[in-house]
2 protein chains.
Amino acid sequence: MPQPHEILFRTLADPTRRAIFERLCRDGDQTVVALTARAGVSQPAVSKHLGVLKQAGLVRDRHEGRNTHYSAELGALAPLIDWTNQMTGFWKSRFDDLEDLLKRMDQ
Amino acid sequence: MPQPHEILFRTLADPTRRAIFERLCRDGDQTVVALTARAGVSQPAVSKHLGVLKQAGLVRDRHEGRNTHYSAELGALAPLIDWTNQMTGFWKSRFDDLEDLLKRMDQ
DNA sequence: GCGATCGATAACTCATTGGCTATTGATGAA
DNA sequence: TTCATCAATAGCCAATGAGTTATCGATCGC
């Protein structure tokens with residue numbers, strides 16, 4: 001399977017899609033109409049974005065009569081956090097290596 | 001000005017570009033030829049990616065004779081970390097609000 | 001000085017994708 | 001039952017952008 005952060009970066013790169021996700025994080029559960037009202041794009045566009053977000057595991061949907069409620073799935077952000085930690089961690093490793101080297105030279 | 005995380009998501013969405021950045025994080029300073037050797041794409045493509053990364057503040061370049069060395073600028077990742085913290089933070093806020101509400105109902 | 005290498009730019013192609021309108025299936029209200 | 005609303009799908013279009021080859025200025029080694 002592809003690295004878990006791959007799909008997250010790709011999914012969150014689009015501003016409209018990210019705005020929808022942010023809205024769900026800020027305000028919780030939302031129906032498609034509610035989201036469409038503020039998205040600045042058509043309802044089908046919103047539905048498509050929600051489909052992509054769902055595919056990435058970033059949202060869940062819950063059917064209630066003829067309404068569909070979407071909500072953010074914050075746990076799905078974990079690979080993103082892991083990735084940044086790893087990137088900054090690599091630097092620390094190299095720094096530690098340098099420290100070790102200097103220590104060894106000192107002896 | 002555009003939100004600082006906007007350009008980061010857009011820049012890091014491309015796998016080839018992200019791989020170049022990861023390589024710089026892992027192994028530090030690299031010339032364009034060295035990066036091209038492992039990138040799986042042509043040298044002009046690598047140069048273009050480095051230009052985009054530089055525009056986003058994610059890398060710095062250092063000229064040394066006819067070689068150009070690039071290095072990762074980890075501080076540029078801060079807005080990404082802030083963004084994820086904010087998203088998860090929103091959830092906590094809503095949870096706190098709910099707690100407050102329940103408390104008030106309890107009285 | 002001369003040929004070779006480094007890295008950036010130009011010009012182009014092609015696939016991807018985000019947007020739209022139209023439509024349809026499903027549910028709720030009258 | 002009938003009409004309206006919700007949300008997803010289909011089909012299309014235009015813009016974006018990642019890749020290519022060709023080239024060019026600059027620097028190094030001989």
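A quick note: this is a predicted structure, and the numbers were derived from the prediction, not measured. Naming convention: chains lettered A, B, ... in sequence-line order (proteins, then strands); numbering from 1 in each chain.
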**Q** Roughly how far, to the nearest 0.5 Å, is the CG atom of A/Leu35 from the CG atom of A/Asp27?
**A**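 It comes to 9.5 Å.
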
**Q** Can we say B/Lys54 and B/Glu73 salt-bridge, meaning some charged N sits less than 4.0 Å from an Asp/Glu carboxylate O?
**A**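 Here B/Lys54 does not pair with B/Glu73 in a salt bridge, since their nearest N and O are not under 4.0 Å apart.
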
**Q** For B/Thr11 and B/Leu8, indicate whether the former's side chain and the latter's backbone hold a donor-acceptor pair under 3.5 Å.
**A** no

**Q** Output the rounded distance in Å from CG (B/Leu50) to C1' (C/dT9).
**A** 14 Å

**Q** Where along nucleotides 18-24 of chain C does protein come under 4.0 Å, by heavy atom, of base (B) or sugar-phosphate alone (S), with - for untouched nucleotides?
**A** SBSBB--

**Q** Which part of the nucleic acid, if any, lies within reach of A/Thr68 when heavy atoms closer than 4.0 Å are counted: base, sugar-phosphate only, or nothing?
**A** sugar-phosphate

**Q** Knowing that exactly one of B/Leu53, B/Leu58, B/Leu24, B/Asp29 qualifies, which makes a side chain to side chain contact (heavy atoms under 4.5 Å, CB included) with B/Tyr70?
**A**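 Running side chain to side chain contact (heavy atoms under 4.5 Å, CB included) over B/Leu53, B/Leu58, B/Leu24, B/Asp29 with B/Tyr70 returns exactly one hit, B/Leu24.
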
**Q** Looking at every non-hydrogen atom in both residues, tell me the closest pair between A/Arg10 and A/Arg17 and how far apart they are.
**A**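 Smallest interatomic distance, heavy atoms only, reads O-NH2, 3.6 Å.
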
**Q** Ignoring hydrogens and angles, state whether a donor on the side chain of B/Trp83 or B/Gln3 is under 3.5 Å from an acceptor on the partner side chain.
**A**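 B/Trp83 vs B/Gln3: no donor-acceptor pair found between side chains.
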
**Q** Between the side chain of B/Arg60 and the main-chain N/O of B/Ser71, is any donor-acceptor distance below 3.5 Å?
**A**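 No; zero donor-acceptor contacts below 3.5 Å.
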
**Q** Less than 3.5 Å apart, any donor N or O on the side chain of B/Thr68 or B/Glu64 sitting next to an acceptor on the other?
**A**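 There is no such pair between these side chains.
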
**Q** What protein N or O atoms touch nucleotides 3-5 of chain D N or O atoms at under 3.5 angstrom, if any, and at what distances?
**A**
unit_1 : atom_1 : unit_2  : atom_2 : d
D/dT5  : O2     : A/Arg66 : NH1    : 2.9

**Q** With respect to the phosphate group of D/dC6, does any side-chain polar atom (N or O) of A/Tyr70 fall under 4.0 Å of OP1 or OP2?
**A**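 Answer is no, no contact under 4.0 Å.
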
**Q** Check whether A/Phe9 and B/Val52 end up in the same hydrophobic cluster, where Ile, Leu, Val, Met, Phe, Trp and Tyr are linked by side-chain heavy atoms less than 4.5 Å apart.
**A** no

**Q** Going by number, which of residues 53-64 of chain A have a non-hydrogen atom under 4.0 Å from DNA chain D?
**A** none

**Q** Report yes or no: does B/Thr84 contribute a side-chain atom to a donor-acceptor pair with the main-chain N or O of B/Ile81 at less than 3.5 Å?
**A** yes

